[in-house]
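What follows is a short report on a single structure.
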Amino acid sequence: METVGILGGTGPAGRGVAVRLASAGYDVVLGSRDAQRASDVASAIPSTGAGTVSGVSNEDAATRDLVVVATPFESTIATLTALRAQLKGKIVISMVNALAREGRELVPLYPPRGSMAAQIAFALPESLVVGAFHHLPASMMEDLASGLDADVLIFSDHHDARARVGEIINEMPGLRSIVAGSMSLASAIEAFTAVCISVNIRHKAHSYVKLAGLDE
Ligand SMILES: NC(=O)c1ccc[n+]([C@@H]2O[C@H](COP(=O)([O-])OP(=O)(O)OC[C@H]3O[C@@H](n4cnc5c(N)ncnc54)[C@H](OP(=O)(O)O)[C@@H]3O)[C@@H](O)[C@H]2O)c1
C-alpha cells in the first residue's frame, strides 16, 4: 500500500481526500509551506482507526510514493516546479481547478495549455499526471458521516497510473472511480467544476456528481 503526500493538504480539499484515504487504510501526510501548521491541522483530524494522517512540509510530502496536488491554481505550477526532482517517476494526482468568481457564479478559466492538469504535465514531464477529485465537495469528503456517494471522473495519458488511481479511489468510502479518458478531457472536466459550484451556490447545497446508466 502506497503512502500518500498531499501538497497544500492543509486546505479543505486536501483534508477531505486525506480523511477518506486514511479511512481506506493509507498513511497520508498533509504537506504545507509550514510544517508546524500541517502538523497542527493533521492533529485536529479525528483518527479513523485505519491509516494515519500527519503533517509535514510540502518538500517532505513530495517524497511519498504517490502525491496529490491540492493547492490553489495560481500557485500550483511554482509549487510543483520546485519539487520536480522529488516527483520524478511518480503518480501525481491533480485535483486543481482554475476558477473565478463572478457574482453568484463560478466561471472556468483556461490556462494556456487548456487545463491545470495539462499545465502540470508540462511542468512535470517525468511524472505520471492523473486528474481526479475535481467535483467533490470538500466538506462532505472530510465528514465520513456525510452520506457522500459520489463518482470521481479520472483522466490521464498514462494508462497504468490511471488504473492504479482508480483502484485507490474505489477503496475510499463513498467514492466510485470512473475512467473518463485521456488528458484531452481535462479542460472539460475541470471546467465542469464551475457548474457544480455554481449549482451549489444557487441551491445552497453540497451536490456532487453521480452518473447513471453505468454497470456497477
Ligand atoms: N474545496 C473544494 O471543495 C475542492 C474540491 C475539489 C477540488 N478543489 C481544488 O483543490 C485545490 C485546493 O482547494 P482548497 O479549497 O483546499 O484551497 P485552499 O484552502 O485555498 O488552499 C489549499 C492550501 O494551499 C496552500 N496555499 C495557499 N496559498 C498558497 C500559495 N500561494 N503557495 C503555495 N501553497 C499555497 C495552503 O496551505 P499552507 O498555507 O499550509 O501551505 C492552503 O491550505 C484547488 O485547486 C481547488 O480548485 C477544491
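Values below: all heavy atoms of this structure, side chains included; hydrogens, waters and symmetry mates excluded. Each ligand, and each atom within it, is numbered from 1 in the order the structure gives. Numbering starts at 1 and runs along the sequence shown.
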protein heavy-atom neighbour closest to atom 15 (O) of ligand 1 works out as Pro12 CG, 3.8 Å

Heavy atom under 4.0 Å from ligand 1: found in Met95's side chain, backbone, both, or neither? both

Does some non-hydrogen atom of the protein lie less than 4.0 angstrom from atom 41 (O) of ligand 1? yes

Does ligand 1 have any atom that is closer than 4.0 Å to a heavy atom of Thr71? yes

Any idea which atoms of ligand 1 are less than 4.0 Å away from a heavy-atom of His134? 6 (C), 7 (C)

Heavy-atom pairs closer than 4.0 Å: do any link ligand 1 to the side chain of His135, the backbone, both, or neither? neither

For atom 18 (P) of ligand 1, what's the nearest protein heavy atom and its distance? Pro72 CG, 4.3 Å

Do the side chains of Ile93 and Val69 get nearer than 4.5 Å, heavy atoms only? no

Which of the listed options, Gly14, Ala70, Ala13, Gly9, holds the heavy atom that is closest to atom 22 (C) of ligand 1? Ala70

For Gly8, the ligand 1 atoms with a heavy-atom partner under 4.0 Å come out as 22 (C), 23 (C), 24 (O)

Is a donor from one side chain sitting under 3.5 angstrom from an acceptor on the other, for Thr3 and Arg64? no

Would you say that Val92 contacts Leu128 through its side chain, given a criterion of any heavy-atom pair below 4.5 Å between the two side chains? no

Inspect the surroundings of NE2 in His158 and state if more than 12 heavy atoms from other residues, nucleotides or ligands are less than 6.0 Å away. yes

Is ligand 1 under 4.0 Å from a heavy atom in the side chain of Leu136, in the backbone, in both, or in neither? backbone

Do NZ/NE/NH1/NH2 and the carboxylate oxygens of Asp149 and Lys210 come within less than 4.0 Å? yes

Distance under 4.0 Å to a non-hydrogen atom of Ala138: what atoms of ligand 1 satisfy this? 1 (N), 2 (C), 3 (O)

Taking 4.0 Å as the limit for heavy-atom contacts, which would you say applies to Ser75 with ligand 1: side chain only, backbone only, both, or neither? side chain

Under 3.5 Å, is there a donor-acceptor pair linking the side chains of Thr79 and Thr71? no

With a 3.5 Å cut-off and sequence neighbours excluded, list the donor-acceptor pairs that the side chains of residues 18-30 form with protein atoms.
from	atom 1	to	atom 2	distance (Å)
Arg20	NE	Met141	O	2.7
Arg20	NH1	Pro173	O	2.7
Arg20	NH2	Met140	O	2.9
Arg20	NH2	Asp143	O	2.9
Arg20	NH2	Ser146	OG	3.4
Tyr26	OH	Arg164	NH2	3.1
Tyr26	OH	Glu171	OE1	3.1
Tyr26	OH	Glu171	OE2	3.2
Asp27	OD1	Thr52	N	3.0
Asp27	OD1	Thr52	OG1	2.8

Show me which atoms of ligand 1 lie under 4.0 Å from any heavy atom of Gly11. 16 (O), 19 (O), 22 (C), 43 (O)

Of all heavy-atom pairs between Asn58 and Gly8, which one has the smallest distance, and what is that distance? OD1-N, 3.2 Å

Give the residue and atom name of whichever protein heavy atom lies nearest to atom 30 (C) of ligand 1, and the separation in Å to one decimal. Arg33 NH1, 3.1 Å

Rounded to the nearest 0.5 Å, what separation is found between the CZ atom of Phe73 and the OG atom of Ser94? 12.5 Å

Would you give the length of the straight line joining atom CG of Leu185 to atom OG of Ser156, rounded to the nearest 0.5 angstrom? 11.5 Å

Please list, in number order, the atoms of ligand 1 under 4.0 Å from a heavy atom of Thr10. 36 (C), 37 (O), 38 (P), 40 (O), 42 (C), 43 (O)

Contact atoms of ligand 1, heavy-atom distance to Thr79 under 4.0 Å: 33 (C)

